[in-house]
Amino acid sequence: MDKTESLLTLPAPAPTGPTPTAATADAGPPARGRRDPAWVRPALAALLLATALLYLWGLGASGWANSFYSAAAQAGSQSWKAFFYGSSDAANSITVDKTPASLWLMALSVRVFGLNSWAILVPQALLGVASVGVLFATVRRWHGPAAGLIAGAVLAVTPVATLMFRFNNPDALLVLLLIGAAYATVRAVETASTRWIVLAGALVGFGFLTKMLQAFLVIPVFAGVYLLAAPTGFWRRVRQVLAAGLGVVLAAGWWVAIVELVPASARPYVGGSQGNSILELTLGYNGLGRITGAEEGSVGGRGPASGQTGLGRLFDTENGGQISWLLPAALILLVAGLLLAGRAARTDRRRAGLLLWGGWLLVTGVVFSFMSGIFHAYYSVALAPAVGALVGIGVTLLWQRRTAGVPRWQALAATVTLAAALAVTAWWSWRLLGRSPDWYPWLRTAVLAGGLAAAVLLVVADRLARRAVPVLVALGATAALAGPVAYSIQTAATPHTGSIPSAGPAVEGGSGPGRGGFPGGGRMRDGGQNAPGGQPPAFPGGTQGPGGQFPGFPGGGQGQNGGRGQIGGGQGRDGGQLPAVAGEGRAAGGGMGGLLDSREPSAELRALLEANAVDYTWVAATIGSQNASGYQLATGEPVMSIGGFNGSDPSPTLAQFQRYVAEGKIHYFVGGSGFRANGGSSASQEIATWVAETFEATTVDGVTVYDLTTGQEG
């Protein structure tokens with residue numbers, strides 16, 4: 001056996017401790033024991049170093065990335081109350097529309113290193129490196145170091161993973177916590193350990209504090225694997241799973257309980273909810289509403305913002321290049337691995353591992369495919385660990401089978417299955433690369449030719465000289481990973497900003513370089529200003545008007561080509577009105593911010609807002625969190641986000657806003673962004689109308705500003 005074959009067929013180390021019983025003797029590769037071969041540690045170190053380079057390289061080019069979360073991290077670095085609740089501003093007017101765990105890491109980093117792009121983004125990159133390492137450790141325990149290295153490498157170069165581990169959305173921390181929960185489940189299954197299965201539950205619970213109910217998608221899978229494979233009696237397994245459920249509740253529930261029990265007057269408003277309730281946010285806008293599309297106060301839901309539902313969603317134009325490069329191979333290898341397990345003992349670890357990662361992939365993938373609410377392509381990063389694990393496990397299992405002394409037909413079946421998985425991967429990469437026909441067109445041909453050649457040679461590998469086997473393996477691995485690696489490098493080399501980033505180059509059919517996006521408008525080009533083709537994106541309830549106007553665009557904003565918007569707002573989806581933003585300041589297409597991204601104010605406007613800032617609770621108020629975040633990050637001072645992210649939350653009400661103004665707590669009102677659809681509060685529209693009717697407008701570098709301390713218009 002040559003060196004390459006030995007790398008893929010090395011068994012996992014032998015276990016220590018008591019001799020296995022009859023119930024566990026067939027349990028598959030043991031978990032611990034003799035040391036890994038000498039090559040494992042250098043290979044792992046090289047993988048982690050390459051991952052760190054990919055995730056940290058040029059990181060600062062993305063600036064504030066998602067300024068919505070960057071502003072909240074800045075607020076948390078100034079106020080421990082804002083830190084705890086995840087407030088958008090240090091004066092605690094409203095929270096972000098998620099639970100705050102990912103903000104805690106960024107806020108602590110900003111407290112230590114100051115407010116800058118690296119302090120915001122480096123924690124996410126380090127979470128990515130840690131995710132690759134923990135995935136290696138998890139897969140290695142039951143399937144050997146080669147499988148672990150393959151799994152880690154696939155995760156590292158999955159384009160959507162490269163994107164999200166260089167960005168400040170909550171997904172980076174969520175992925176690490178779920179992989180950690182999988183590791184704890186593996187450890188629990190090995191010895192029927194109550195401590196480890198409860199830890200798995202606690203990590204999932206903390207995942208809830210990161211991105212709410214999405215973390216719970218893996219619960220039935222982890223619980224089912226433990227109930228099936230743990231080497232102990234049935235009723236003890238049931239009790240242990242119930243204890244793990246209690247771990248989930250305690251880890252997630254303590255923060256929820258505090259927020260619900262603290263009087264509303266003593267805490268910020270819960271952003272994203274219509275009733276100032278974290279439970280409403282959990283079950284509605286960020287919960288079942290994402291499944292059904294009934295997301296009151298959102299600007300997406302059913303329609304273009306969510307894309308087409310169905311089994312093809314993860315392979316379509318918007319999502320395919322993010323996650324699906326090795327998804328067909330993962331599914332093929334999952335089926336093959338389960339067939340190989342056959343009628344193995346209940347506690348068989350090979351089958352348990354396949355069920356754990358296969359269940360994660362299938363349950364999460366089906367939910368993502370059919371959810372009718374808001375769905376963005378970057379959500380699919382949650383599938384990347386499962387895809388990597390299944391590829392690593394499947395490749396090593398089938399490679400071992402072809403040389404394991406089994407009947408020739410079984411070895412041939414394993415070889416043909418491996419070749420088929422490689423050929424399908426090469427063909428699918430060819431298809432995905434073809435969606436960007438002008439982007440390195442030679443790569444598409446090289447991947448297909450190399451992959452098909454490697455698949456054919458794999459079938460006749462027994463007839464090749466042993467020296468040719470390493471070349472064959474290298475050719476196959478290169479063909480399988482060239483597409484996602486190229487996409488990942490392009491992603492790392494491209495700045496990403498806004499709320500809806502996407503990985504890879506522009507693709508035909510509405511995909512841009514991934515710098516943000518608008519519902520119905522696809523990903524945007526030119527720094528997030530235009531949809532593909534240079535046309536303004538489609539907004540709910542409006543169509544493109546003459547001269548580049550955005551009809552009904554909130555804020556009466558000026559379109560990119562100088563078109564004036566409506567002060568009174570326009571018609572939203574389902575009959576909802578788009579709240580007006582007082583004045584005629586430029587909107588997202590060419591000025592100070594929008595629904596999905598912010599803009600940096602000019603030096604003149606910044607100086608105006610910073611003047612006498614210590615005399616006010618909020619130096620300014622404006623509609624929409626992204627709009628507010630641009631001013632807040634530029635000045636370092638609290639800026640009130642009226643209506644939260646979508647401008648549709650009843651925070652503050654008109655009466656509350658009027659009281660703040662009367663008490664001299666707000667200096668300026670700035671025209672800008674925010675609109676509502678699918679229902680929601682009209683408070684922001686009422687405030688904008690009252691300001692426009694009550695105070696005199698001035699224009700500062702194209703942005704409409706009202707001084708709320710100068711008294712009412714006569």
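All values below come from the heavy atoms of this structure, side chains included, with hydrogens, waters and symmetry mates left out.
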Revision key, fill the gap. With sequence neighbours left out, the residues meeting side-chain hydrogen bond (donor to acceptor under 3.5 Å, both in side chains) with Ser277 are Glu260
Using residues 193-204 as the side-chain source, report each donor-acceptor pair under 3.5 Å to any protein atom, sequence neighbours left out, with the distance given to one decimal.
from: Ser193; atom 1: OG; to: Arg195; atom 2: N; distance (Å): 3.4
from: Ser193; atom 1: OG; to: Trp196; atom 2: N; distance (Å): 3.2
from: Thr194; atom 1: OG1; to: Gln240; atom 2: NE2; distance (Å): 2.9

Review point. What distance do Leu103 atom CG and Thr95 atom OG1 have between them, rounded to the nearest 0.5 Å?
Key: 9.5 Å
Exercise for review: For Gly392 and Ala147, work out which heavy atoms get closest and say how close.
Suggested key: O-CB, 3.4 Å
Exercise for review: Using atom types as modelled and distance alone, determine if a side-chain donor or acceptor of Trp255 lies under 3.5 Å from a backbone N or O of Phe84.
Suggested key: yes
Review point. Do Leu228 and Leu355 touch side chain to side chain, with heavy atoms closer than 4.5 Å?
Key: yes
Review point. Yes or no on side chain to side chain contact (heavy atoms under 4.5 Å, CB included) for Phe136 and Leu149, after CA distance, side-chain angles and deciding distance?
Key: CA-CA 6 Å; Phe136 162 81; Leu149 288 168; 3.8 Å; yes
Check your understanding: Is any side-chain heavy atom of Asn319 closer than 4.5 Å to a side-chain heavy atom of Phe375?
Key -> yes
Point to revise | Side-chain donor/acceptor of Thr491 to backbone N/O of Ala503, under 3.5 Å | key: no
Check your understanding: Would you say the side-chain atoms of Arg313 pair up with the backbone N or O of Phe368, donor to acceptor, closer than 3.5 Å?
Key -> yes
**Study point:** Leu227 side, atom CG; Phe234 side, atom CZ - distance, nearest 0.5 Å
**Key:** 6.5 Å
Can I get a per-line list of side-chain donor-acceptor pairs under 3.5 Å for residues 159-182, giving both atom names and the distance, sequence neighbours left out?
from: Thr162; atom 1: OG1; to: Ala156; atom 2: O; distance (Å): 3.3
from: Thr162; atom 1: OG1; to: Ser488; atom 2: OG; distance (Å): 3.0
from: Arg166; atom 1: NH1; to: Leu54; atom 2: O; distance (Å): 3.0
from: Arg166; atom 1: NH1; to: Tyr55; atom 2: O; distance (Å): 3.1
from: Arg166; atom 1: NH1; to: Trp57; atom 2: O; distance (Å): 2.8
from: Arg166; atom 1: NH2; to: Trp57; atom 2: O; distance (Å): 2.8
from: Arg166; atom 1: NH2; to: Ala492; atom 2: O; distance (Å): 2.9
from: Asn168; atom 1: OD1; to: Asn66; atom 2: N; distance (Å): 2.9
from: Asn168; atom 1: ND2; to: Asn66; atom 2: O; distance (Å): 3.1
from: Asn168; atom 1: ND2; to: Ser70; atom 2: OG; distance (Å): 2.9
from: Asn169; atom 1: OD1; to: Asn66; atom 2: ND2; distance (Å): 2.9
from: Asn169; atom 1: ND2; to: Tyr378; atom 2: OH; distance (Å): 3.2
from: Asp171; atom 1: OD2; to: Lys211; atom 2: NZ; distance (Å): 2.7

**Study point:** Backbone of Ala230 reached by a side-chain donor or acceptor of Arg346 within 3.5 Å
**Key:** yes
Exercise for review: Step by step, work out the side chain to side chain contact (heavy atoms under 4.5 Å, CB included) result for Leu105 and Leu127.
Suggested key: CA-CA 10 Å; Leu105 296 179; Leu127 290 172; 4.0 Å; yes
**Study point:** Euclidean distance, Thr364 OG1 relative to Tyr379 OH, rounded to 0.5 Å
**Key:** 14.0 Å
Practice item. Quick one: list whatever passes ring pair (Phe, Tyr, Trp, His ring centres under 6.0 Å) with Tyr69, sequence neighbours left out. Key: none
**Study point:** Within-4.5 Å side-chain heavy-atom neighbours: Thr282 and Thr99
**Key:** no
Practice item. Could you pull out the closest heavy-atom pair between Pro145 and Asp36, with the gap in Å? Key: CG-OD1, 4.2 Å
Point to revise | Arg402 charged N/C atom sitting above Trp399 aromatic ring, 6.0 Å / 45° | key: yes
Review point. Is the closest side-chain heavy-atom distance between Val381 and Ile323 below 4.5 Å?
Key: no
Exercise for review: Can you sort out the partners of Phe216 under ring pair (Phe, Tyr, Trp, His ring centres under 6.0 Å), two or more places apart, ordered by chain and number?
Suggested key: Phe208
Review point. Sub-3.5 Å donor-acceptor pair from the side chain of Arg351 to the main-chain atoms of Ala345, do we have one?
Key: yes
Point to revise | Side chains of Trp357 and Val139 in contact at under 4.5 Å (non-hydrogen atoms) | key: yes
Check your understanding: When rounded to the nearest 0.5 angstrom, what is the spacing between CD in Gln410 and CG in Leu398?
Key -> 12.0 Å
Revision key, fill the gap. Heavy atoms of Thr210 and Ser102 approach each other most closely as CG2-CB, 4.3 Å
Practice item. Report the residues that fulfil side-chain contact (heavy atoms from CB on, under 4.5 Å) with Val366, sequence neighbours left out, ordered by chain and then residue number. Key: Phe370
**Study point:** Contacts of type salt bridge (charged side-chain N to carboxylate O under 4.0 Å, His left out), residue Lys98, not counting sequence neighbours
**Key:** none
Point to revise | Rounded distance (nearest 0.5 Å) linking atom OG1 of Thr417 with atom CG of Leu412 | key: 9.0 Å
Exercise for review: Verify side chain to side chain contact (heavy atoms under 4.5 Å, CB included) between Leu209 and Trp254, making sure each step is shown before the conclusion.
Suggested key: CA-CA 10 Å; Leu209 293 183; Trp254 66 273; 3.6 Å; yes
Point to revise | Aromatic ring pairing Phe222/Trp360, orientation class (parallel under 30°, perpendicular over 60°, tilted between) | key: perpendicular
Exercise for review: Kindly compute the distance separating CD1 (Ile150) from CG (Leu155), expressed to the nearest 0.5 Å.
Suggested key: 14.0 Å
Review point. Any donor and acceptor pair, going by atom type alone, linking the side chain of Ser273 with main-chain N or O of Val270 inside 3.5 Å?
Key: yes
Check your understanding: For Tyr226, is the NZ or CZ atom of Arg237 found under 6.0 angstrom from the centre of its six-membered ring and inside 45 degrees of the ring axis?
Key -> no
In residues 241-252, what donor-acceptor pairs under 3.5 Å come from side-chain atoms, sequence neighbours left out?
none

**Study point:** Partner residues of Ser109 under the side-chain hydrogen bond (donor to acceptor under 3.5 Å, both in side chains) criterion, sequence neighbours left out
**Key:** none
Review point. With side chains defined as the heavy atoms from C-beta onward, is the minimum distance between Thr309 and Met371 less than 4.5 Å?
Key: no
Practice item. List the steps and the verdict of side chain to side chain contact (heavy atoms under 4.5 Å, CB included) for Leu418 and Thr415. Key: CA-CA 5 Å; Leu418 266 179; Thr415 301; 5.8 Å; no
Point to revise | Main-chain N/O of Trp142 paired with Arg349 side-chain donor or acceptor, under 3.5 Å | key: no
Point to revise | Test side-chain contact (heavy atoms from CB on, under 4.5 Å) applied to Ala419 - qualifying residues, sequence neighbours left out | key: Ala455, Leu458, Val459
**Study point:** Residues in side-chain hydrogen bond (donor to acceptor under 3.5 Å, both in side chains) contact with Arg236, at least two apart in sequence or another chain
**Key:** Thr232
Check your understanding: At their closest point, which heavy atom of Gln322 faces which heavy atom of Ala377, and how far apart are they?
Key -> CG-CB, 3.9 Å
List, one per line, each side-chain donor-acceptor pair under 3.5 Å for residues 324-335, sequence neighbours excluded.
from: Ser324; atom 1: OG; to: Gly320; atom 2: O; distance (Å): 2.7
from: Ser324; atom 1: OG; to: Trp428; atom 2: NE1; distance (Å): 2.9
from: Trp325; atom 1: NE1; to: Gly321; atom 2: O; distance (Å): 2.8

Exercise for review: Return the minimal non-hydrogen interatomic distance between Ala215 and Gly207, and the atom names on each side.
Suggested key: CB-C, 3.4 Å
Check your understanding: Can you name the nearest heavy-atom pair linking Ala382 to Pro385, along with the distance?
Key -> O-CD, 3.6 Å
Practice item. State, yes or no, whether a side-chain contact exists between Leu53 and Leu49 at a heavy-atom distance under 4.5 Å. Key: no
